[in-house]
Amino acid sequence: MNAKTNVKRINNSEIQPRRMDFRFDDSIPTYWFAGDQFKSILLTSLSCTFPEGERFFVRSVRHYQPGITNPVLREEVKGFIGQEAHHGNEHEHFNALMQKKGLPTRKVEEFVLNGLKWQGKKLSPARQLAKTCALEHFTAMLAETILENPEYFEGMDERLLPLWLWHAVEESEHKAVAFDVYQDQVNNYWVRTSEMAATTVEFVGFQIFHYFQLRAAMNDKTDWKSIAGGMKWLMGKNGFLRKLGPAYLSYYKRDFHPNQRDSRALRDAGLRKLATMLNRPELLEAIV
Ligand SMILES: [Fe+2]
Ligand SMILES: [Fe+2]
């Protein structure tokens, strides 16, 4: 993988998109996560939801952009839009590589596109923004869990680690932007929390569905040992998802705010690691 990076300030906030131009090598294996069937397919299916999912986030925030008068938030929104646009593009490159390897990622991306188009017609702008806030809470929780416990990504092909690490740092960085827009423009507790409940069911249900969409296209045998290990990785005593419980529930508190968890030190450490991995010290310029 070759990566070009460029950090150019595009707004007056601390949220600056870090441009990447990942080139994913064809020699990256289909089972790129420790040679593990389950984890590789699961995270590939998650990656398939990012390009269109993040475009939905941007649309839902843009709808309210003209009404935002807080000058700090206006700048942060620009940073949020820039970061999400880049994430979608880079995950598309990765998904294209997996398509070449035989995983029908394009089919999943199209499914997500159509599903979100449908939601865009059915849901009010307030509900669409609440859905974005809910999914941003999920991405921030996942990102910060990875940043805090890098051992969860042990064995991942090192050519793909920067993609996930970069995305995790920026998700944590902009975790409060959609929420602040929501509080500024909508500020309805019931809509926010009921949408989180509905989105949780959708997120888990569709993630399982997308896993099977990809898995069904592979002709190799089901690796039951990998599935058992994956379940332990997700839901075992120190499992990835188990760790998210308290953070997930905190979203239902009336006074919840994403920045109640100060993750700056975690992000800075992640960014230093990324700069070293890519040999791009200029990435650290974004640490303010
Ligand atoms: Fe993102
Ligand atoms: Fe995000």
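Note that ligands are numbered from 1 as they come in the structure, with each ligand's atoms numbered from 1 the same way. What you see is a predicted model; the values in this text were computed from it and never measured.
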> Which protein N, O or S atoms lie under 2.8 Å from the Fe ion (ligand 1), given by chain and residue number?
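For the Fe ion (ligand 1), the protein N, O and S atoms that sit under 2.8 Å away are Glu54 OE2, Glu84 OE1, His87 ND1, His167 NE2, Glu171 OE2.
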
> Considering only residues two or more places apart or on different chains, which pairs with a residue in residues 178-188 satisfy side-chain hydrogen bond (donor to acceptor under 3.5 Å, both in side chains)?
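Counting only pairs at least two positions apart or across chains, the side-chain hydrogen bond (donor to acceptor under 3.5 Å, both in side chains) contacts touching residues 178-188 are Asp180-His257.
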
> Decide yes or no on salt bridge (charged side-chain N to carboxylate O under 4.0 Å, His left out) for Lys175 and Glu171, but give the supporting numbers first.
CA-CA 6 Å; Lys175 65 179 175 177; Glu171 284 306 319; over 6 Å; no

> Quick check: are there more than 12 heavy atoms from other residues, nucleotides or ligands sitting under 6.0 Å from CZ of Phe206?
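Incorrect, the count does not exceed 12.
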
> May I have all residue pairs that pass side-chain hydrogen bond (donor to acceptor under 3.5 Å, both in side chains) and include part of residues 119-135, sequence neighbours excluded?
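The answer is Ser60-Thr132, Gln119-Glu202, Arg127-Ser194, Arg127-Glu195, Lys131-Glu195, Lys131-Thr199, Lys131-Glu202.
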
> Show me, pair by pair, the donor-acceptor contacts under 3.5 angstrom made by side chains of residues 226-239, not counting sequence neighbours?
residue : atom : partner : partner atom : Å
Ser226  : OG   : Asp36   : OD1          : 3.0
Ser226  : OG   : Phe38   : N            : 2.8
Trp233  : NE1  : Tyr152  : O            : 3.1

> If I consider every N, O or S atom in Glu136, which one ends up closest to the Fe ion (ligand 2)? I only need its name.
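Considering only N, O and S atoms, Glu136 comes nearest to the Fe ion (ligand 2) through OE2.
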
> Taking the six-membered ring for Trp, are Phe94 and Trp32 ring centroids under 6.0 Å apart?
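Close enough - the centres of the two rings lie under 6.0 Å apart.
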
